[in-house]
Amino acid sequence: MSTPSTPHEHPGVPHQPAPAQETPGTFAPTPSQTIGPFYGYALPFPGGGEMAPTGHPDTITLHGRVLDGAGEPVPDALLEFWQAGPDGSLRGAPGSLRRDPATGAVIGRDGVEFTGFGRVPTDADGRYALRTLPATAPADRPAAAPYIAVCVFARGLLHHLFTRVYFPEHTAAHAADPLLSQLPAHRARTLVARADGERRYRFDIRLQARAAGDGDEASEETVFLEFR
């Protein structure tokens, strides 16, 4: 049911809100917003998940799923991985996003250099897979346990999320790690991948906690980080 207009409004003419009053010298923050998702359209690139140089004997596979609060797969998420080099260096190396000099098309990696960067979309079942070198701790952080940094983009997220993947063979180092040592045990477990075969690890990313029900176990939300 429509409501009568006030003396200052006219039917059929959209009401225009008055501009916000700002304190001199300050600016109102621009609100976050999202359109899409368009992650799978242009951001993935050839070899995005092949961080380890072709044929490298130390290559490991990290795989898993991105799940929402209901435990359902997120089929259009995009994950970026950032990793220190085998020597602990954070310099990285060029070579992830090479382009054809004639056409400008992205032709992906050269298969030789370890660049320390990967980008992988999830599939229809929310799955991803990454082939990389074993994690190392950054050389300038001697107390840190080896880890791989992860950035998560997904539908419904106005801000991308940051997390980390630690590995089960470094349990002793976990006790002294500046991040893991501050977390309760049940929360720290959400950052540790589990062994899943020879040189294979599984790491699921849960965007929200899930309550137990209908015979299913409860699950913890993955710990996400805020950088200041």
Does the T163 side chain pair with the main chain of V223, one donor and one acceptor, at a distance under 3.5 Å?
yes
Are the charged groups of R127 and D123 less than 4.0 angstrom apart, N to O?
no
Let's go through L130 and T61 carefully: what are the C-alpha distance in whole Å and the side-chain angles of both, what is the deciding distance for side-chain contact (heavy atoms from CB on, under 4.5 Å) to 0.1 Å, and is it a yes or a no?
CA-CA 6 Å; L130 176 78; T61 297; over 6 Å; no
In the single-linkage hydrophobic clustering (I, L, V, M, F, W, Y; side-chain heavy atoms under 4.5 Å), do V192 and I60 co-cluster?
no
Do the side chain of S89 and the main chain of G85 share a donor and acceptor less than 3.5 angstrom apart?
no
Using the rule given for side-chain contact (heavy atoms from CB on, under 4.5 Å), can you reason through L179 versus L191, listing the C-alpha separation, both sets of side-chain angles and the distance that settles it, and then say yes or no?
CA-CA 10 Å; L179 172 61; L191 297 182; 3.9 Å; yes
When rounded to the nearest 0.5 angstrom, what is the spacing between NE2 in H56 and OG1 in T54?
11.0 Å
Parallel, tilted or perpendicular: rings of F167 and Y201 (30°, 60°):
perpendicular
Using a strict cut-off of less than 4.0 Å between a Lys/Arg side-chain nitrogen and an Asp/Glu carboxylate oxygen, indicate whether E221 and R206 qualify as a salt bridge.
no
Does the plane of the ring in F162 sit parallel, tilted or perpendicular to the ring in F227? Use 30° and 60° as the thresholds.
perpendicular
If you look at every heavy atom in T59 and P53, which pair is closest and at what distance?
OG1-O, 4.4 Å
Y147 and its side-chain hydrogen bond (donor to acceptor under 3.5 Å, both in side chains) partner, picked from H170, H174, R141:
R141
Give, for atom OG1 of T171 and atom OH of Y166, the distance between the pair rounded to the nearest 0.5 Å.
13.0 Å
Could you tell me whether the side chain of L78 reaches within less than 4.5 Å of the side chain of P44, counting heavy atoms only?
yes
CZ of R164 to CH2 of W82, rounded to nearest 0.5 Å, is 14.5 Å
Between A135 and I148, the two heavy atoms sitting closest are CB-CG1, 4.0 Å
Taking only Lys NZ, Arg NE, NH1 and NH2, and the carboxylate oxygens of Asp or Glu, determine whether R189 and E220 approach each other closer than 4.0 Å.
no
Using side-chain heavy atoms (C-beta onward) and a distance below 4.5 Å, is P86 in contact with L133?
yes
For the pair R194 (side chain) and R202 (backbone), establish whether a donor and an acceptor sit closer than 3.5 Å, ignoring hydrogens and angles.
no
If we ignore hydrogens and angles and just use 3.5 Å, is the side chain of D177 paired with the main-chain N or O of S181 as donor and acceptor?
no
Smallest separation among heavy atoms of P134 and R199, with atom names
CG-NH2, 3.9 Å
Trace of the side-chain contact (heavy atoms from CB on, under 4.5 Å) decision for H63 with F203:
CA-CA 6 Å; H63 72 103; F203 183 73; over 6 Å; no
Could you state whether V165 and L67 fall into the same hydrophobic cluster, counting links through intermediate Ile, Leu, Val, Met, Phe, Trp or Tyr residues with side-chain heavy atoms under 4.5 angstrom apart?
no
For S96 and T115, which heavy atoms make the closest approach, and how far apart are they?
OG-OG1, 2.7 Å
The reported gap from CZ in R65 to CD1 in I205 (rounded to nearest 0.5 angstrom) is 12.5 Å
Here the pair of heavy atoms bringing P75 nearest to A124 is CB-O, 3.7 Å
Should L161 and V150 be counted in the same cluster of Ile, Leu, Val, Met, Phe, Trp and Tyr side chains packed under 4.5 Å apart?
yes
Identify whether L225 and V152 are in the same connected component of the hydrophobic contact network (ILVMFWY, side-chain heavy atoms under 4.5 Å).
no
Parallel, tilted or perpendicular: rings of Y128 and F81 (30°, 60°)
tilted
Between R119 (side chain only) and E80 (backbone N and O only), is there a donor and an acceptor less than 3.5 Å apart?
no
If every non-hydrogen atom of A193 is compared with every non-hydrogen atom of P168, which pair is closest and at what distance?
O-CD, 3.2 Å
Check this for me, if you would: do R155 and D76 make a salt bridge, where the nitrogen-to-carboxylate-oxygen distance has to be below 4.0 angstrom?
yes
From T222 OG1 over to Q208 CD, what is the distance, rounded to the nearest 0.5 angstrom?
11.5 Å
Value rounded to 0.5 Å, distance of CE in M51 from CG in L62
10.0 Å
Quick one: does R200's side chain have a donor or acceptor within less than 3.5 Å of a partner on D196's backbone?
yes
